[in-house]
Number of protein chains: 2
Amino acid sequence: MSKEEQLETVRHSAAHVMAEAVQRLFPEAKFGIGPAIENGFYYDFELPRPLTPEDLPGIESEMREIISADLPFTKEELSREAARSLFASQPYKLELIDELSDDVVTIYKQGLFVDLCRGPHVASTDAIKAFKLTHIAGAYWRGDEKRPMLQRIYGVAFDTQTDLDSHLACLAEAARRDHRKLGKELDLYSIHEEIGPGLICWHPKGAIIRQIVEDFWKAEHRKQGYDIVYTPHIAKIDLWKTSGHWDFYRNYLYSPIEVDEQQYILKPMNCLGHIMIYQSQIRSYRDLPVRYAELGTVYRYERTGVLYGLARVRGFTQDDAHIFCRSDQIEAEVAGVVKLAQFMMATFGFHDYELLLSTRPEKYAGTMEMWEQATESLKHVLDVLDLPYKIDPGEGVFYGPKIDIKLRDALGHDWQGPTIQVDFNLPQRFNVNYVGDDGLEHTATMIHRTVLGSMERFLACLIEHYGGAFPVWLSPVQAVVVPIADRHVPYAQQVERELKQAGIRAQVDDRTERMNLKIRQAQLAKIPYMLIVGDKETASSKVSVRLRSGEDLGSQSLADAKSRIITSVEAKV
Amino acid sequence: MSKEEQLETVRHSAAHVMAEAVQRLFPEAKFGIGPAIENGFYYDFELPRPLTPEDLPGIESEMREIISADLPFTKEELSREAARSLFASQPYKLELIDELSDDVVTIYKQGLFVDLCRGPHVASTDAIKAFKLTHIAGAYWRGDEKRPMLQRIYGVAFDTQTDLDSHLACLAEAARRDHRKLGKELDLYSIHEEIGPGLICWHPKGAIIRQIVEDFWKAEHRKQGYDIVYTPHIAKIDLWKTSGHWDFYRNYLYSPIEVDEQQYILKPMNCLGHIMIYQSQIRSYRDLPVRYAELGTVYRYERTGVLYGLARVRGFTQDDAHIFCRSDQIEAEVAGVVKLAQFMMATFGFHDYELLLSTRPEKYAGTMEMWEQATESLKHVLDVLDLPYKIDPGEGVFYGPKIDIKLRDALGHDWQGPTIQVDFNLPQRFNVNYVGDDGLEHTATMIHRTVLGSMERFLACLIEHYGGAFPVWLSPVQAVVVPIADRHVPYAQQVERELKQAGIRAQVDDRTERMNLKIRQAQLAKIPYMLIVGDKETASSKVSVRLRSGEDLGSQSLADAKSRIITSVEAKV
């Protein structure tokens, strides 16, 4: 048994111990299932009353008692009939027994608890060395919202207390960096029941970050030969029938809007608008590649249950582009996108990522030869750029092979990052052509690509990566000027003016509060620079500079402080 | 009779003369109506075959014959019965006679033509001094699409040939500047039947102009203390019921989208998203004014018949903002908006405009006192700024008084420009409050305002104002480098690179075409600078500079040419 399998066995056994603890406290409990999961375990219960977080210490204490009693886990095999009578008062277990295909049913016992279970388990409860119950959630029996809602208790378990502590510290850090929590604390965005779930209102401070990202994105795309376009958010449904989206992605599409007896839908993708623009002229082989980029807001249906802050939403702005090219240009174009993506990622502070190349699935558009050529092109690009990648066999979209890049943030979490997809399907469905040097019409190849994904998810990723302490160039407020007393306010305002004239996002905190409170609040707001001004600073045209880290840089001339801030903005750090 | 009334009489008489001409050419013609209109006249006919523009000279020639015969117009009064028998073969006239309330029916005769008409008319046809038939259009009888489609011939008529010629020249210039024609020629945008009427795809060159306008707009708004926000394009219908939009503007709203058994609609306005953001925190009197600005794309239904290029569309991006303020701040805020609007207008080359102040209508929200105070504030602002304005009595929106600014373009056409509306309604419906210095809740005042209107209409206006020859800072391509022969291409590319590095939108025309053709095409594309390079220029690192006006500035060092272009960009000319 591998180390990982051993730990999984410990976690599964901890679930049984938790079930026994719950049985001691609630003898009338009905038991669902209790598997091991990543880092820990859970068990689903039907209980006479709703649990609260305050119940967890009591359950933990029962568990510790069971563990220190070092009760052995014993396995037995019963006939289905015997099992049915053993679990006669456990309706969920009975349902599971009835679905088993074997005639022999395996059970595990420890102490007074017995469970329908295939195992394996540890020899005895003492093998569970370090655990903690973390939270309670509701969970429908078998995930079916028409079945009863059970109470699920989650726990984590590790080999040693040290491992457990470091995992809990990591969880706490993740909770501190949770973009939904920081989004509220830093006043970046909101979601309103009145507008609808999954629909984001960007507040001034979040919108400043978005605008900086967008401006940077547009400038870099123009430098790389992209043309920026804008296309409408609705289009006639027939367009989406021609494209195949209506058939393939119906579940993600919103219901139609009637206009003059025609049906329109909210666009789930920007590609069709770009095809329309491409087709507004005859294109020659000399015009290619044509690269259309759009910060295009699209709307896709997601179930309420999976919506998650900014990371999973119903309306989002893709940093989208479509490249129309000849097949002999695919390689150079893909290389250009990968390099642009690397540059963008590095600029935003992501240096750790994983590349996946997804190949031909069973159902596919285009010819085998097209797939082979395009897949080889993608591989060749990654080889030439000396980028390690994994192959995800058969996981390409039906319309062509693709490269996905997963970003790893400061906490080691993976985020869906840039994606580059070759498309053989839409050019055929829409007759996306160019006139070759032979004077004949040829079908163009399309490449779909994003380098950030969407503004919403990328902001979520930035928030968690930086824990809200954005680099200076992205910080909504770059410097706060703190007058020590009211008499320093005029000088503080002069400092603010000079900073603003230099393009720095500065503000004075002129509230009649104590200086220490203002500094603490500025640190909580993750403002990179605090410029404190009192008598000495006013007299000498200086500022006393503190960083959000708490570091005190002492008194500096205003000019020096200004150029320090400008330098960090320009360096994008 | 005033000069204007006299001219109207001439035009009305010209319509009768045209009808007689048509009667000569098509004896079986049935006659609709033929009034005077601005600058001219029309007449509606039912004819045995469709007319083409080639028919107009023939009709004009008949008209000239009738005019030179100097036939008198004579008036007669008949009984309704006599009129019915006179017009027995004219079904449209019979319908009109049946609807007259008088028992006495007036007719006018000239030559062999007789018409049901109240007059007045000129004494005889010779009084028609200068006319021209301009075009033919289809027109439903009485504007009802269920009645027959008649053929309408339009003409213009003036006192003198000079007046007519100058009007025709003006029409020709307007046709040359028509944004629909230039939009296509300059490759700025397109509208696709596949996507839907009134929905704009911005091509790369149009999108560059839009981005420059948007970037400028955002920077200026930030300078003036606006915060930029983003809000979703759909929201639950209940929000629009609470606001009153669902009741008041139902005809402009699209049909609902069903999401999880809730109805959503495309947003027709950005205000409600801004209210949601405002309400995400408790606001104090010290926080006000709060100014939220958004380039928000809204969707409103318009009948297909009224859609007109970029000027009247179904989806458009407003340069919107909402100011939440105390009532004692209305005046300063409105003054700020007016000054910002003036600055923006001047920057884009509009110096001629008219201000309208619209006051309380019969049905209104808020109290009489609020209206009086706000209306006085608006007047006071305009007086202090020394801006002449007209009062449009009772034409305010039901929710508050407003100031509209109409821009006059280079051809003297008026465009709907900035608008500033005080709103007493939404703050009450949504409880938009702030905590006053008395510690109590007070209702805030909202100001809705745009300074450009919408990106779509404003681009239409820019195109027509400049006839497509945009100022250098707005030109999609600012300089084209034209190599005289193929051997000059490498130097031309070097020039292009240097210009691009200086931030100039430059391109090389390296096609194997004759230089003169390239220059002519660059002029048609309204590119401000043409830099021609041959042997002499290549040898001496110079460029030969031509303007789109045709002016030849001769040979200059590349550095001089570059700084000339940069100077004009910075001066926004």
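When reading the values below, keep in mind they use all heavy atoms of this one structure, side chains included, and skip hydrogens, waters and symmetry mates.
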Pick whichever of [options] has the most heavy-atom pairs under 4.5 Å with chain B.
{"options": "A/Tyr189, A/Trp240, A/Trp202", "answer": "A/Trp202"}
{"options": "A/Ser280, A/Gly206, A/Gly273", "answer": "A/Ser280"}
{"options": "A/Arg222, A/Lys223, A/Gln281", "answer": "A/Arg222"}
{"options": "A/Ile277, A/Thr242, A/Asp227", "answer": "A/Ile277"}
{"options": "A/Glu258, A/Lys184, A/His203", "answer": "A/His203"}

Greatest number of heavy atom pairs closer than 4.5 Å to chain A - which of [options]:
{"options": "B/Ala235, B/Pro232, B/Ala293", "result": "B/Pro232"}
{"options": "B/Val259, B/Ile265, B/Asp215", "result": "B/Val259"}
{"options": "B/Arg286, B/His192, B/Gln279, B/His233", "result": "B/His233"}
{"options": "B/Asp238, B/Thr317, B/Leu266, B/Leu272", "result": "B/Leu266"}
{"options": "B/Lys205, B/Glu194, B/Glu193, B/Arg303", "result": "B/Glu194"}
{"options": "B/Ile237, B/Val229, B/Asp187", "result": "B/Val229"}

Less than 4.5 Å to any heavy atom of chain B: does that hold for the side chain of [X], its backbone, both, or neither?
{"X": "A/Lys267", "answer": "neither"}
{"X": "A/Ile200", "answer": "backbone"}
{"X": "A/Tyr230", "answer": "both"}
{"X": "A/Tyr226", "answer": "neither"}
{"X": "A/Glu456", "answer": "neither"}
{"X": "A/Ile208", "answer": "both"}
{"X": "A/Thr231", "answer": "both"}
{"X": "A/Pro256", "answer": "backbone"}

**Study point:** Atom pair CE/CD1 of A/Met276 and B/Ile195 - distance to nearest 0.5 Å
**Key:**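 Output value for this atom pair is 6.0 Å.
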
**Study point:** Heavy-atom check, side chain of A/Ile234 versus side chain of B/Arg314, under 4.5 Å
**Key:**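 Heavy-atom side-chain distance check fails, nothing below 4.5 Å.
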
Point to revise | A/Tyr252 atom OH: more than 12 heavy-atom contacts under 6.0 Å | key: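 Counting other residues, nucleotides and ligands, OH of A/Tyr252 stays at 12 neighbours or fewer.
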
Practice item. Please say whether more than 12 non-hydrogen atoms of neighbouring residues, nucleotides or ligands are located less than 6.0 Å from CZ in B/Phe216. Key: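 Yes, enclosed.
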
Review point. Sub-3.5 Å donor-acceptor pair from the side chain of B/Tyr264 to the main-chain atoms of A/Gly196, do we have one?
Key: no

